[in-house]
Amino acid sequence: MKPIFLLLAIAGLWGNKLYAQTEFSTDYLKIRIDQKGYITSFKNTTKKPTSEFSPADKPSPLLSLYSSSRKKYYLPTKAIYTKAKTTLALFYPNGSVATVKFEPQKMYFRLSLLSLTNRSEIDDIQWGPYHTTIDNLFGDVIGVARDTSFAVNYAIGALALNDATTGGKSTNIGDCAPFQYMIHSPDKKRFPLPSDLKEGQLFAIGGDGKNDVAFYSHPEPYYRILYGNSADIDEKGMVSIVYHASDRRKGKTILFSLIPFLPTNKPNHIEVEPLADVDYIGSKIALWGSPDSIALMTVIKNIVKAEGLPYPTVNGKWIKDPAAYLNDVATAGSNCDSVIAYTQKLGFKAVQWEHEPMFGIDRGNKGYINGFSFEKKPLKYTEGNKSYKDFTDISNPLGIWAGFHTITTALRQGTKDVSPIPSKDLAYQVKRILAKDINPTDTTIEVTDPTYLDEIASWEGHTEHLNMIKIDNEIIYYQGVSKTAPYRLHKVKRGYWKTIPGNHTKGDTIYKLQVSIGSGYDGIIPNMKLQDSVAMYYADMSKINGIYYHDWDGQEFLFNQGHGYYAVKRFHRQLFDRAAQHKLPDLRIMGATLSEGSWHYQSVWNVGGGTNMYDVKQRKWGSSTSEGKDLRDVAYANYFPATFGMNFQLTPTSKVVDYEHIQAVSVGAGATYQLHISKASIEGCPQKDEIFAAIRTWENAKAANAFPNHIKTTLADPLKDWHLEAVDQNHWNLYPMQNGEKGKAIVLSRDVKGGY
């Protein structure tokens, strides 16, 4: 792993420093850094002859600097390596010098930014982009280029090693990549592009920007939905990797929408809150390359554990381990008599109370969501209703976690932080100044500057009844502002959201509040300080009620402050750290989206449902929309479980063969799902016991890691059917099925190292 100085390099002494091309190696990857500070070689050293993955015409800058005021990148022009300190000094045309600690490890390179001179105009640094010749799969969420073919079987990627470093480019507005489609063929022979499309071309998602099912509108395999840009492609379809870090100590104004292509999600101006202690100095990444077949469970797992990154487990297994991919139950109907018993029979480990209203926090109850004596009993049982804690007191000892469909951080009307006295720590889009005194009944409100006050609140959906300002302890509704002086707010309603109208003085600050969306998600977004408190509330609530499952619907609300993926990481770190203080087991996190900020913490992505996700009758990923195919492709490329969503409710005509098919494709494609159950639907299914037994057999074999990769590849084919029989606790017979007849058995055995 020691650097090798090439004989052909320019060797110029600078003290004990060498100005040279330098090669560094791990167990699986050798890279070369030239005298300008560019990576000019990525070599797979696991095969002879070695394979080169660096494009000859496109070297990769080790570190780029970015000035948002100039909208300009600065690339290195000279590099000097100090062997004794394992540091690289990188020189830039603006006069900056960056000192990068470069530490080869067994399976990866650790890169850290130690210092930067002449940084006054530099508000962001970017690792890369690191260009590759790989043109198969791109993991846009975590930053990985993958060639999954048998002939090549290699991947190159990066991981952030601290929260301040996030996936994507320095030019990302709001530290989020836009949600859109990109044209990319993962296999140009199987999926050639039509003549009117080209690699890297961008398109808007579908629908009206409000109905999330309609977002997914392209079943063609070369339309790739994007959930990040930690990996990107060029006009040839070749993949590049990029991470960055910002100087968040500086406030700035951005024009942001996560879905900027849709007119129903117009960008809004947001004054991004400065964070005193979050800078790009200390930014750190791991850069790695390895055979793709061992990338997740050998290399990435090693990085995560060695660098102390989040490592949630289930049944002692890392949640990214395919043997730990678990399905959940989503309740329907009102009777909960047999929910836990059904979940046990299925071999599932979590229950989402989907029949309950969406959960929104109220810090006023201090986490006692059923009353301070648990006197409220919302869960209906035939022989006496139960509190949520009553339920978890039964389920938790059985290893079955339970929890809610939430609205994440949206602060609802009537809760502690909003009404009747709103918190001073509510996020705002812009702030302005009151031009004249007003009393509690005045509806004529003048401002000194109307700029951006004509925008409807939020960047998402623009729900008019959530268009609010806050002056001191009063929230006020308005709609529009005069175009000429005097600048008056229109359609004013005082004492909005059950706050108290007050006297306000000329010169008082007016905060245009940052909000969520309507449709039951109504709420105001907390600023970062209050978001920390919200995360801790969730952990406290978990401790008090035994609730270890959280479904972050509206997870994108964590982006609304303008800190994007950093805000997501910070929220989850606060949550998990507080949970650890309470000595809770690792929480099971589900969410409405997936981002570089949530990847480490999030177990599953069971969104959508029905034929939008997987159609059993047609044996197809998404027959109503392309949602199933789109999310599958994102998840698979990023080493994350795909999903069938909330699906497959039992009916009087449900058959065992369909559920064996579901389980086979689930195991093969690495997909999870929520089985939508109610007492009425289960008891109305004549084959319920046989279906439950079949699902449990597959779940047991999956947990034992009994399916080799070549078998999974076959199972993933939706056009095939299978039957699985348990021989004993450690062995199974897998039968291909044709016209209801068994083929030759494939014998499967427990993986004593990888199963549990």
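For this chain, numbers begin at 1 and follow the sequence in order. Basis for what follows: all heavy atoms, side chains included, without hydrogens, waters or symmetry-related copies.
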| request: Show the numbers, then the answer: is there a salt bridge (charged side-chain N to carboxylate O under 4.0 Å, His left out) between Lys58 and Asp234? | output: CA-CA 11 Å; Lys58 194 158 59 171; Asp234 64 11; 2.6 Å; yes
| request: Evaluate the side chain to side chain contact (heavy atoms under 4.5 Å, CB included) criterion for residues Phe644 and Asn606: first the C-alpha distance (whole Å), next the side-chain angles of each, then the deciding distance (0.1 Å), finally the verdict. | output: CA-CA 7 Å; Phe644 295 147; Asn606 292 328; over 6 Å; no
| task | Run the numbers on Asp232 and Lys169 for salt bridge (charged side-chain N to carboxylate O under 4.0 Å, His left out), then give the verdict. | result | CA-CA 10 Å; Asp232 203 354; Lys169 304 173 182 177; 2.7 Å; yes
| said: Using the rule given for side chain to side chain contact (heavy atoms under 4.5 Å, CB included), can you reason through Ile39 versus Leu287, listing the C-alpha separation, both sets of side-chain angles and the distance that settles it, and then say yes or no? | reply: CA-CA 12 Å; Ile39 297 175; Leu287 178 63; 4.0 Å; yes
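Of the N and O atoms on the side chains of Glu699 and Asn327, at least one donor lies less than 3.5 Å from an acceptor on the other residue. A donor atom on one side chain and an acceptor atom on the other are not found under 3.5 Å apart for Ser626 and His218. In the model, Gln561 has no side-chain atom that pairs as donor or acceptor with a side-chain atom of Gln514 under 3.5 Å. Side chains of Trp621 and Asp615: a donor-acceptor N/O pair is absent below 3.5 angstrom, by distance only. With hydrogens and angles left out, the side-chain atoms of Tyr452 and Gln429 include no donor and acceptor closer than 3.5 Å. A side-chain N or O of Asn136 and one of Thr148 form a donor-acceptor pair less than 3.5 Å apart. Using modelled atom types and a 3.5 Å distance limit, the side chains of Asn467 and His462 yield no donor-acceptor pair. A donor-acceptor contact closer than 3.5 angstrom links the side chains of Asp124 and Ser170. Of the N and O atoms on the side chains of Thr253 and His269, not one donor lies less than 3.5 Å from an acceptor on the other residue. No side-chain donor-acceptor contact under 3.5 Å links Tyr673 and Asp328. Of the N and O atoms on the side chains of Thr165 and His244, not one donor lies less than 3.5 Å from an acceptor on the other residue.
Between Phe707 and Trp698, the ring planes lie parallel to each other; the angle is under 30°, not in the 30° to 60° tilted range. Ring geometry for Phe179 versus Tyr216: interplanar angle over 60°, hence perpendicular rather than tilted (30 to 60°).
Thr643 OG1 to Trp605 CH2: the interatomic distance, rounded to the nearest 0.5 Å, is 9.0 Å. If you take CD1 on Ile205 and CG on Asn265, they are separated by 7.5 Å, rounding to the nearest 0.5 Å. Rounded to the nearest 0.5 Å, atoms CG (Leu137) and CG (Asp147) are 8.0 Å apart. For the atom pair OG of Ser654 and CZ of Phe648, the computed distance is 11.0 Å after rounding to the nearest 0.5 Å. The CD atom of Glu596 lies 9.0 Å from the CD1 atom of Ile142; values are rounded to the nearest 0.5 Å.
A salt bridge links Asp140 with Arg224: the distance from a Lys NZ or Arg NE/NH1/NH2 to an Asp or Glu carboxylate oxygen falls below 4.0 Å. At a threshold of 4.0 Å, the pair Arg146-Asp292 counts as salt-bridged, since one of the basic side-chain nitrogens sits closer than that to a carboxylate oxygen. A salt bridge does not link Asp321 with Lys301: every distance from a Lys NZ or Arg NE/NH1/NH2 to an Asp or Glu carboxylate oxygen is 4.0 Å or more. Residues Asp721 and Arg619 are paired through a salt bridge, judged by an N-O separation under 4.0 Å between the basic side chain and the carboxylate. For the pair Lys188 and Asp135, the salt-bridge criterion is met [side-chain N within less than 4.0 Å of a carboxylate O].
Between the side chain of Asp187 and the main chain of Lys189, a donor-acceptor pair closer than 3.5 Å is present. Between the Glu52 side chain and the Phe42 main chain, a donor and an acceptor come within less than 3.5 Å of each other. Ser54 places no side-chain N or O within 3.5 Å of a backbone atom of Thr132 that could act as its donor or acceptor partner.
With ring centers used as reference points, Phe138 lies under 6.0 Å from His184. Here the two rings, on Tyr66 and Tyr73, have centers that are under 6.0 Å apart. For Phe359 and Phe404, the ring centers sit closer than 6.0 Å to each other. Trp552 and His550 have their aromatic ring centers within a separation under 6.0 angstrom.
Between Leu631 and Met613 the shortest side-chain heavy-atom distance falls below 4.5 Å. Annotation: side chain of Leu650 is in contact with side chain of Ile691 (closest heavy-atom distance under 4.5 Å). Ile134 places a side-chain heavy atom less than 4.5 Å from the side chain of Phe53. Side-chain contact check for His131 versus Met238: every heavy-atom pair is 4.5 Å or farther apart. With a 4.5 Å cut-off on side-chain heavy atoms, Pro61 and Pro129 count as touching. Put simply, the side chain of Phe559 does not reach to within 4.5 Å of the side chain of Glu460, judged on heavy atoms. Tyr181 has its side chain out of reach of Leu202: every pair of non-hydrogen atoms, C-beta onward, lies at least 4.5 Å apart. Put simply, the side chain of Lys320 reaches to within 4.5 Å of the side chain of Phe640, judged on heavy atoms.
The minimum heavy-atom distance linking Ser458 with Ile517 is given by the pair OG-CG2, 4.5 Å. Closest of all the heavy-atom pairs between Lys266 and Asn268 is O-OD1, 3.3 Å.
More than 12 heavy atoms of other residues, nucleotides or ligands sit less than 6.0 Å from atom NZ of Lys712. In Asp196, the CG atom is crowded: over 12 heavy atoms of neighbouring residues, nucleotides or ligands sit closer than 6.0 Å.
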